[in-house]
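To keep things clear, I will list the structure first and then write my remarks on it.
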Amino acid sequence: MARRLLPSSAYGLRLLQMTLRIETTSDGQTATLRLIGRIESEYLDELQAQVQRHRTRLVLDLDEVTLVDIGVVRFLIACEAEGIELLNCAPYIREWMSRERQRGE
């Protein structure tokens, strides 16, 4: 299953550029959400709904994520705390997560 989340407008113009795509696969025991593109806080409700829908063993594959914001970093920290595996997480995201965890201590 693939879902495309599109911004409704920017600078008053309608955009057709894909911001985030979510592809879901499962082997019966583990569900993998493959995230592609930019993940911005405005899409966290949909992403959280997908995570809740797949409460079996869950993996978030971030190999094709190109950009995140602070809300997404905090969401990913919470996911790991709940036992969700982050696969192919970019070093800049890992570093940001580490700094955000330190800030919270």
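For the numbers below, each heavy atom of this structure counts, side chains included, while hydrogens, waters and symmetry mates do not. All values reported here derive from a predicted model rather than from experimental measurement.
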note = Residue set satisfying side chain to side chain contact (heavy atoms under 4.5 Å, CB included) with R99, at least two apart, ordered chain then number -> E95
note = Output for pair (L76 CG, C89 SG), nearest 0.5 Å, gives 6.5 Å
inquiry  = Show the nearest heavy-atom pair for residues I93 and V65, with the distance to one decimal.
reply    = CD1-CG1, 4.2 Å
request  = Begin with the C-alpha distance, continue with both residues' side-chain angles, and end with the deciding distance and a verdict on side-chain hydrogen bond (donor to acceptor under 3.5 Å, both in side chains) for Q50 and E46.
outcome  = CA-CA 6 Å; Q50 290 290 323; E46 176 61 26; 3.1 Å; yes
request  = Applying side chain to side chain contact (heavy atoms under 4.5 Å, CB included) between D61 and each of L35, L87, I36, report the one that passes.
outcome  = L87
message = Go through it in stages, so that I can follow the logic: the residues are T32 and S26, the test is side-chain contact (heavy atoms from CB on, under 4.5 Å), and I'd like the CA-CA distance, side-chain angles, deciding distance and then a yes or no.
response = CA-CA 6 Å; T32 300; S26 178; over 6 Å; no
task = To the nearest 0.5 Å, tell me how far L58 CG sits from T30 OG1.
result = 9.0 Å
query = Considering all heavy atoms of both residues, which atom of T19 and which atom of Y43 are nearest to each other, and what is their separation?
reply = CG2-CE1, 3.4 Å
query = Taking atom CG of L33 and atom OG1 of T25, what is their separation to the nearest 0.5 Å?
reply = 8.0 Å
task = State the CD1-CD distance between I77 and E100, to the nearest 0.5 angstrom.
result = 5.5 Å
ask   = Out of curiosity, L67 CG to I39 CD1, how far, rounded to the nearest 0.5 Å?
value = 9.0 Å
ask   = Are L44 and L20 in one and the same hydrophobic cluster, where Ile, Leu, Val, Met, Phe, Trp and Tyr link if side-chain heavy atoms are under 4.5 Å apart?
value = yes
Audit row: Q29, R57, side-chain contact (heavy atoms from CB on, under 4.5 Å) steps and yes/no = CA-CA 7 Å; Q29 295 181 4; R57 185 172 171 333; over 6 Å; no
inquiry  = With rounding to the nearest 0.5 angstrom, report the CZ to CD1 distance, F75 to I70.
reply    = 14.0 Å
key: Donor-acceptor pair between D69 and S41 side chains, under 3.5 angstrom   = yes
ask   = With E80, which residues qualify under side chain to side chain contact (heavy atoms under 4.5 Å, CB included), at least two apart?
value = L86, R94, M97, R101
In one Ile/Leu/Val/Met/Phe/Trp/Tyr side-chain cluster, 4.5 Å: V59, V72 = no
